[in-house]
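These notes concern the structure reproduced below.
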Amino acid sequence: MPAVLPGPELTIVVPTLNEEGNIEALVGKLQSVLHGINWEVIFVDDDSHDRTRPVTTRLARSDGRVRLLHRIGRRGLSSACVEGVQASTAPYVAVMDADLQHDEALLPQMLEVLRSNGADIVVGSRYVAGGDVEGWESRRARMSSFATRLGQTILRTHVADPMSGFFMLRRDAFDLTVRHLSAVGFKILMDILASAERPLRVQELPYHFRPRLAGESKLDAMVAWEYLILLADKTVGRFVPVRFVMFAMIGLLGLGVHLLVLRFALSALALQFAAAQATATGVAMIANFSLNNGLTYRDRRLRGWGFVRGLLSFALVCGIGAAANVSLASFLFGRQQSWWLAGIAGAAMSSVWNYAVSAVLTWKAR
């Protein structure tokens with residue numbers, strides 16, 4: 001009979017997006033530092049447009065410890081990490097970036113800490129004694145410090161560097177959190193620490209955060225937005241879905257757009273009221289759809305013809321919601337309810353309808 005090989009003890013999950021210049025170097029570094037450890041690395045690729053997948057595939061064909069998980073229609077570092085961990089059965093799982101900024105030489109020490117001292121999670125920290133960051137300008141350092149202090153307000157365990165993207169945890173600790181994770185944005189460690197059913201036992205190890213060598217940073221304004229969404233989800237998400245809050249806020253903004261366009265169409269364009277109202281309604285609907293597509297459903301955002309089809313379905317959903325709004329408000333007003341109560345009830349009903357149905361028809365999870 002052929003020899004039965006045991007499964008890996010350690011899985012390293014590496015989310016990727018256009019990182020072809022770093023994959024081979026990272027695998028080589030892992031091979032050099034993980035001697036004597038039964039390990040594997042899972043690259044979770046969000047449909048890169050460069051040669052990230054071909055490079056990873058070539059490496060996987062020559063080394064069975066290298067695996068590739070290709071995601072289509074889904075984006076986001078946090079959700080990629082969750083899917084990567086779920087694709088593994090190893091008792092210990094690490095998360096690190098593909099950009100070579102995390103010190104792979106720390107992995108054996110992280111594993112030994114989990115094996116020996118009862119910690120649930122070991123964090124590679126830039127902000128404990130011995131850790132540092134190379135090449136950051138003062139503005140980025142200040143933003144990171146502020147985001148760290150803000151994030152610590154939702155944590156059940158004090159961590160000096162909850163924004164770290166470099167950590168290792170026990171499988172059973174992940175299982176305590178996975179059903180409660182928001183999986184929003186880039187800060188999966190903070191999500192895990194805030195979602196666990198009990199406070200996790202954390203140990204931080206210092207490391208030197210290196211500058212990126214190849215590829216481009218994924219940090220932009222939307223990363224900050226998604227971070228705020230994560231914080232909101234961990235504070236109010238248990239009471240009301242954060243997506244609905246965002247959807248409603250954009251709806252209020254759309255009302256402002258409607259009124260501005262209506263005034264402009266009546267005064268500057270001298271349109272009849274019906275034509276001005278129709279123009280304002282169309283502009284506001286397009287604005288609402290575009291903002292929801294880029295913000296509320298950024299992880300499912302539609303492009304190309306998908307954007308056009310989404311806009312048409314959104315208009316249909318909102319048109320039905322508007323008709324139901326008017327019907328309910330008119331019914332309540334006819335039953336001697338006050339005008340403002342009837343108006344609020346109709347608006348609330350149409351908001352819930354628009355959110356619920358557009359989530360299924362327009363931004364259906366793929």
Indicate yes or no for a side-chain donor-acceptor contact from Glu204 to the backbone of Asp161 under 3.5 Å, with no hydrogens or angles considered. yes
Please state whether the rings of Phe166 and His102 are parallel, tilted or perpendicular, taking 30° and 60° as the class boundaries. parallel
Just wondering, do Val261 and Val257 contact through their side chains at under 4.5 Å, heavy atoms? yes
To the nearest 0.5 angstrom, please state how far the CG atom of Leu10 sits from the CG atom of Leu30. 9.0 Å
Non-hydrogen atoms of Leu114 and Ala119 that approach each other most closely: CD2-O, 3.4 Å
Which is it for Trp363 and Asn293 under the side chain to side chain donor-acceptor pair (under 3.5 Å) test, yes or no, and what are the steps along the way? CA-CA 8 Å; Trp363 290 286; Asn293 191 56; 2.9 Å; yes
For Arg170, give me all partners under side-chain hydrogen bond (donor to acceptor under 3.5 Å, both in side chains), at least two apart in sequence or on another chain. none
For Arg51, enumerate each residue passing the side-chain hydrogen bond (donor to acceptor under 3.5 Å, both in side chains) test, keeping only those at least two apart in sequence or located in another chain. none
Does Ile320 share a hydrophobic cluster with Val357, counting links as ILVMFWY side-chain heavy atoms below 4.5 Å and allowing steps through other members? yes
Does Ile12 form a side-chain contact (heavy atoms from CB on, under 4.5 Å) with Leu34? I'd like the steps, not just the answer. CA-CA 11 Å; Ile12 303 104; Leu34 295 175; 3.8 Å; yes
Please check if the side chain of Gln101 supplies one atom and the backbone of Phe209 the other of a donor-acceptor pair under 3.5 Å. no
Lys29 side, atom NZ; Asp103 side, atom CG - distance, nearest 0.5 Å: 8.5 Å
Closest heavy-atom contact between Val14 and Val41? CG2-CG2, 3.7 Å
Does any pair with a residue in residues 39-50 pass side chain to side chain donor-acceptor pair (under 3.5 Å), and if so which ones, sequence neighbours excluded? Thr11-Glu40, Thr16-Asp45, Glu40-Arg67, Asp45-Ser48, Asp45-Arg53, Asp46-Arg71, Asp47-His70, Asp50-Thr52
A side-chain contact here means heavy atoms from C-beta on lying under 4.5 Å apart; do Leu302 and Tyr297 qualify? no
Following the transitive rule for hydrophobic clusters with a side-chain heavy-atom cut-off under 4.5 Å over Ile, Leu, Val, Met, Phe, Trp and Tyr, establish whether Val128 and Met168 coincide in one cluster. no
Hits for side-chain contact (heavy atoms from CB on, under 4.5 Å) against Cys81, two or more places apart or cross-chain, chain-then-number order -> Pro15, Leu77, Val95, Ile188
Leu361/Phe314 under side-chain contact (heavy atoms from CB on, under 4.5 Å): CA gap, chis, key distance, verdict: CA-CA 8 Å; Leu361 294 182; Phe314 183 75; over 6 Å; no
Counting distance only, does the side-chain N/O of Asp63 pair as donor-acceptor with the main-chain N or O of Arg65 below 3.5 Å? yes
Evaluate the side-chain proximity of Val13 to Val44: yes if any heavy-atom separation is below 4.5 Å, no if none is. yes
Interatomic spacing from CE in Met249 to CG in Leu295 - rounded to 0.5 Å: 10.0 Å
Provide the closest heavy-atom pair for Pro91 versus Pro8 in the form atom of the first, atom of the second, distance. CD-O, 3.7 Å
Quick check: does any side chain N or O of Ser313 sit under 3.5 Å from a backbone N or O of Gly310, one acting as donor and the other as acceptor? yes
Can you tell me if Ser62 uses its side chain to pair, donor with acceptor, with the backbone of Leu59 under 3.5 Å? yes
Which heavy-atom pair separates Ala160 from Tyr127 by the least distance, and what is that distance? O-CD1, 3.6 Å
I need the Glu197 CD to His180 NE2 distance, nearest 0.5 Å. 4.0 Å
Is any side-chain heavy atom of Val93 less than 4.5 Å from a side-chain heavy atom of Phe174? no
When you group the ILVMFWY residues by side-chain heavy-atom contacts below 4.5 Å and let the links chain together, are Val245 and Val352 in the same group? yes
Measure across Gly84 and Ile42 and return the closest heavy-atom pair with its distance rounded to 0.1 Å. O-CD1, 3.7 Å
Is there a continuous path of hydrophobic side-chain contacts, each under 4.5 Å between heavy atoms, that joins Leu253 to Met246? yes
Pairwise distance CE(Met96) to CG(Leu107) - rounded to 0.5 angstrom: 5.5 Å
Could you check Thr57 against Phe43 for side-chain contact (heavy atoms from CB on, under 4.5 Å), going step by step and ending with a plain yes or no? CA-CA 10 Å; Thr57 299; Phe43 291 96; over 6 Å; no
Carefully, step by step, assess Asp191 and Ser195 under the rule side chain to side chain donor-acceptor pair (under 3.5 Å). CA-CA 6 Å; Asp191 199 355; Ser195 302; 3.1 Å; yes
Kindly write out the residues that satisfy side-chain hydrogen bond (donor to acceptor under 3.5 Å, both in side chains) with Glu9, not counting sequence neighbours, or none if the list is empty. Arg115
Run the numbers on Phe167 and Ile192 for side-chain contact (heavy atoms from CB on, under 4.5 Å), then give the verdict. CA-CA 11 Å; Phe167 59 93; Ile192 290 172; 3.9 Å; yes
Side-chain donor/acceptor of Arg201 to backbone N/O of Ile121, under 3.5 Å: no
Are Arg210 and Glu104 ion-paired here, with the side-chain N under 4.0 Å from a carboxylate O? yes
Who are the side-chain hydrogen bond (donor to acceptor under 3.5 Å, both in side chains) partners of Arg171, not counting sequence neighbours? Ser88
Can you find a pair of side-chain heavy atoms, one from Pro6 and one from Asn38, that are under 4.5 Å apart? yes
Find out if a path of hydrophobic residues (ILVMFWY) with successive side-chain heavy-atom gaps under 4.5 Å connects Leu312 to Met285. no
Aromatic contact, Phe307 with Phe289 (centres under 6.0 Å): yes
Using only atom types and a distance under 3.5 Å, with no angle test, would you say the side chain of Asn292 pairs donor to acceptor with the backbone of Asn288? yes
Looking only at side chains, do Gln203 and Asp120 share a donor and an acceptor under 3.5 Å apart? no
Nearest 0.5 angstrom please: Leu291 CG to Ile286 CD1, how far? 12.0 Å
